[in-house]
Amino acid sequence: MRLRNEDFEFPDLLGAAYEYLIAQFADSAGKKGGEFYTPRGVVRMMVSLVKPRPGMAVYDPCAGSGGMLIHAKEYIDEHGLDSRDLTLAGQEYNGGTWAVSKMNMILHGVLNALLENDDTLAEPKHLNGGELARFDRVLTNPPFSLNYSATDMKHKERFKYGYAPETGKKADLMFAQHVLAVLTPDGIGATVMPHGVLFRGGKEQEIRKGIIQDDRLEAVIGLAPNLFYGTGIPACILVLRGTDPRPAARHNKVLFINADREFTAGRAQNYLDPQHAEKIVAAYESYEDIPGFARVVDIEELRENDFNLNIRRYVDNTPPPEPQDVRAHLHGGIPKSEVKAKAGLFRAFGIDPATLFAERDADYFDFLPEGWQATASRLPGLAAPAEARLRAAFAEWWVRHSKRLIELPDTHKVMEVRADLLDSFVTELLPVGILDRFELAGVVAAWWGEAQYDIKTLGLNGFEGVVEGWLTTIESAFELDEEELEYWDKAKIASEKRKARDHRVVPALIPDYLAELDEAEAAYAELNAQLKAAAVKPSEEDEEVDEPAEDQLSEAEIKALKSRTAAAKKKVSALKEHFLPRLRMAVGALDESSRRDLVLEVLRLQLSTRLESRTAVARRLFETAFHTWADKYAVTLRHLEAQRDAATSQLNIYLKELGYA
């Protein structure tokens with residue numbers, strides 16, 4: 001199902017909805033759901049590593065729900081290229097999951113994908129003249145740690161580097177060899193693997209040795225734990241190459257990237273966000289050493305280590321221990337070496353850290369005479385000018401580039417707009433200096449991921465379509481009623497309604513209503529708290545007291561309080577009942593110009609909120625550095641000893657007065 005315009009292809013939003021449902025199932029179904037769903041952040045990063053191009057053949061031997069193939073197509077579309085001649089092929093063992101992948105493809109407008117249902121190791125189905133078909137790009141997340149049987153396996157020529165043990169759940173490198181076997185000579189593959197494949201001995205060591213000696217392994221990327229559904233263990237990605245010689249700078253070398261700290265923590269699962277993916281992909285493309293993150297290792301070093309690919313052996317990203325200066329602990333002062341090491345955090349905001357201290361000697365600063373607490377309180381103000389420059393740069397950027405969004409209903413060039421917004425955002429805000437290019441790219445990419453369906457709707461149905469879509473989304477949440485209780489409990493329905501009322505368009509349309517509702521809810525909460533406090537019975541000890549406490553309410557006062565509380569609750573309920581009518585009225589009052597301004601303002605606020613949040617994180621880093629110096633060195637050992645001696649002396653005086661000394 002695809003809506004076509006002269007200048008672009010627009011996937012049906014049903015595809016996005018279907019993908020959302022798949023993700024929700026994987027999230028709620030635990031390991032069973034996670035067997036066929038790879039988190040979107042990981043998939044997008046893998047696709048960016050291999051960079052599919054128009055006309056290529058892309059293959060996933062463990063296709064699951066087809067997400068990697070779909071994202072390969074979307075990658076080409078997002079770069080303003082034509083994906084219509086892209087060949088997508090995949091194979092999936094589970095029949096039910098294979099059916100899901102077929103539907104997923106259709107709903108994303110892919111009608112010609114070559115999807116097969118069978119065991120890829122036992123019987124690969126994609127053949128060309130009886131031989132294995134070859135593919136330009138291979139992307140896959142095979143099931144971890146399976147047993148397999150080589151007895152009836154077809155196309156055994158795939159496994160030129162040997163067979164892993166058939167038992168003991170060690171089929172991982174068999175899948176990796178399948179990827180190598182189906183790559184074109186200049187092809188690139190990326191496969192998710194458990195860390196065990198990097199260092200286990202025996203037959204698996206021999207397989208690693210053969211792959212490395214043939215120069216087929218280009219990179220090993222370690223990911224954070226708990227990124228994947230159904231398993232909390234960390235995984236890695238192997239980037240594999242075809243048989244053509246690699247460029248001289250990469251010949252007989254392997255790039256190790258230790259990205260196990262690149263994640264956003266979630267309640268039940270961690271997430272690989274755009275800024276993390278951007279950093280990983282940039283390191284892979286540069287293929288050079290980055291202290292504590294990436295290192296290019298020669299084959300000779302790998303041979304000396306018996307082809308052990310344990311990532312921490314080559315890239316240790318363990319944070320250095322917090323330095324402790326004994327002289328500063330004894331006599332006070334802040335070591336200049338420590339200040340110099342953190343100078344970059346302050347420099348990002350245009351602050352010279354030396355101005356926060358007084359000169360003591362060649363090696364140490366002192367805290368300013370005003371005291372470290374006063375200096376610490378000034379830090380946000382010192383950062384304010386740089387933050388103001390960033391906001392001004394963002395405002396100027398938005399004025400210039402939001403014009404592309406205004407033109408979108410006429411041009412329909414969604415992917416060209418995406419490329420312009422993402423590239424220009426980094427280029428124009430980077431010179432301010434607060435955030436690096438990875439952080440800026442992550443901010444704008446995450447915003448696009450959040451807003452893309454609104455922007456695509458804008459390209460298809462204009463500003464009116466976006467506003468009507470928002471209204472429909474909110475109304476749908478309020479249509480949940482008792483009939484849905486079989487699938488939704490009352491708390492869930494209430495939660496959905498609260499989220500709908502908090503939709504980002506609501507404060508822009510009916511701010512006066514929200515202020516009135518907030519005031520009414522606050523008044524009810526205060527009265528209800530008073531009523532609960534008044535209803536608490538006095539303890540037995542209190543009951544023995546003849547006179548009641550001064551703040552204890554009489555029965556008449558409690559009755560009046562109940563009446564006011566009930567009235568306040570009734571007012572809140574009435575206001576909530578008026579929510580949808582007030583919202584519909586506000587939407588109906590919009591003209592073409594105000595709809596445009598509303599959509600642009602909502603999109604702008606989404607992006608500026610993400611930018612402000614990321615800036616606040618950067619500011620907290622240098623504030624934390626200053627507080628750490630204060631915690632370590634503001635109070636010296638000599639001062640503590642003096643306090644101890646004074647307390648001991650005072651205690652001795654008391655003991656003597658009491659006759660114990």
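FYI, side chains are in, hydrogens and waters are out, and symmetry mates aren't considered; it's all heavy atoms of this structure. Along the sequence shown, residues carry numbers from 1. Because the structure is a prediction, the values reported are computed rather than measured.
Asp298 places a side-chain N or O within donor-acceptor distance of the main-chain N or O of Glu300, the cut-off being under 3.5 Å. Side-chain atoms of Asn141 do not come within 3.5 Å of backbone N or O of Cys62 as any donor-acceptor pair. Here the side chain of Arg610 pairs no donor or acceptor atom with the backbone of Val444 at under 3.5 angstrom. Here the side chain of Arg216 pairs a donor or acceptor atom with the backbone of Gly242 at under 3.5 angstrom. Not one N or O on the side chain of Tyr271 forms a donor-acceptor pair closer than 3.5 Å with the backbone of Gly266. A donor-acceptor pair is defined here as one N or O able to donate and one able to accept, closer than 3.5 Å; no such pair exists between the side chain of Ser83 and the backbone of Leu86. Without hydrogens or angle criteria, His503 side chain to Ala500 main chain gives no donor-acceptor distance under 3.5 Å. When atom types are taken as modelled, the side chain of His276 and the backbone of Leu272 share no donor-acceptor pair closer than 3.5 angstrom. The backbone N or O of Gln606 sits nowhere less than 3.5 Å from a side-chain atom of Trp447 that would complete a donor-acceptor pair. Judged by distance alone, the side chain of Asn270 and the main-chain N or O of Pro225 form a donor-acceptor pair under 3.5 Å.
Considering Arg44, Lys456, Lys73, Lys51 in turn, Arg44 is the only one that fulfils the salt bridge (charged side-chain N to carboxylate O under 4.0 Å, His left out) rule with Glu78. Under the side chain to side chain donor-acceptor pair (under 3.5 Å) rule, Lys632 has a single partner from Gln324, Glu322, His627, which is Glu322.
Put simply, the side chain of Leu49 reaches to within 4.5 Å of the side chain of Val281, judged on heavy atoms. A 4.5 Å side-chain heavy-atom check between Pro380 and Glu623 finds at least one atom pair inside the cut-off. Residues Arg312 and Asn317 meet the side-chain proximity criterion, which asks for heavy atoms closer than 4.5 Å. The shortest side-chain heavy-atom distance between Tyr148 and Phe175 does not fall under the 4.5 Å cut-off. By the 4.5 Å heavy-atom criterion applied to side chains, Thr609 and Glu612 are not counted as neighbours. Leu379 is not listed as a side-chain neighbour of Phe349, based on a closest heavy-atom distance of 4.5 Å or more. Side-chain contact between Val254 and Ile299: absent, with no pair of heavy atoms (C-beta onward) separated by less than 4.5 Å. Using a 4.5 Å cut-off on side-chain heavy atoms (C-beta onward), Thr120 and Thr140 make no contact.
Closest approach of Ala283 to Leu255, counting heavy atoms only: O-CD2, 3.8 Å.
Shown here is Tyr93, whose OH atom has no more than 12 heavy atoms of other residues, nucleotides or ligands within 6.0 Å. Surrounding CZ of Arg158 are more than 12 heavy atoms belonging to other residues, nucleotides or ligands, all under 6.0 Å away. Within a 6.0 Å radius of CZ in Arg347, no more than 12 heavy atoms belonging to other residues, nucleotides or ligands are found. Counting heavy-atom neighbours within 6.0 Å of Lys342 NZ, excluding the residue itself, gives a total of 12 or less. With a 6.0 Å radius and a threshold of 12 heavy atoms from other residues, nucleotides or ligands, Lys203 has its NZ atom at or below the threshold.
Considering CD1 of Ile211 and CG of Asp214, their distance stands at 9.0 Å, rounded to 0.5 Å. With rounding to the nearest 0.5 angstrom, the CG atom of Leu390 is 4.5 Å from the CG atom of Leu611. The CD atom of Glu206 sits 13.0 Å away from the OH atom of Tyr161 when rounded to the nearest 0.5 Å. Here the NE2-CG distance, from His79 to Leu422, works out to 9.0 Å after rounding to the nearest 0.5 Å. We find the CG-CD distance between Leu435 and Gln275 to be 10.5 Å, quoted to the nearest 0.5 Å. If you take CG on Leu173 and CG on Leu238, they are separated by 7.5 Å, rounding to the nearest 0.5 Å.
Donor-acceptor pairing under 3.5 Å is lacking for the side chains of Thr167 and Asn147. Arg246 and Asn252 form no side-chain donor-acceptor contact under 3.5 Å, judged by distance and modelled atom types alone. In this structure, a donor-acceptor pair under 3.5 Å is present between the side chains of Glu218 and Tyr284. Using modelled atom types and a 3.5 Å distance limit, the side chains of Thr615 and Arg391 yield no donor-acceptor pair.
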For this session: List the steps, then state whether side chain to side chain contact (heavy atoms under 4.5 Å, CB included) holds for Ile290 with Lys279.
Result: CA-CA 11 Å; Ile290 301 174; Lys279 185 175 181 180; 6.0 Å; no
For this session: Given salt bridge (charged side-chain N to carboxylate O under 4.0 Å, His left out), test Arg498 with Asp502 step by step and report yes or no.
Result: CA-CA 6 Å; Arg498 281 196 301 271; Asp502 293 338; over 6 Å; no
For this session: Decide yes or no on salt bridge (charged side-chain N to carboxylate O under 4.0 Å, His left out) for Asp136 and Arg53, but give the supporting numbers first.
Result: CA-CA 9 Å; Asp136 303 286; Arg53 307 288 294 177; over 6 Å; no
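Taking the six-membered ring where the residue is Trp, Phe626 and Trp629 present perpendicular rings, their angle passing 60° and hence far from 30°. Ring geometry for His178 against Tyr59 counts as tilted: the plane angle lies between 30° and 60°, on a 0 to 90° scale.
You'll find the ring centres of His71 and Tyr75 outside the 6.0 Å limit.
Listed by chain and residue number, Asp215 satisfy the side chain to side chain donor-acceptor pair (under 3.5 Å) test with His251 (two or more places apart in sequence, or in another chain). When the side chain to side chain donor-acceptor pair (under 3.5 Å) test is applied to Arg313, the partners found at least two apart in sequence or on another chain are Asn305.
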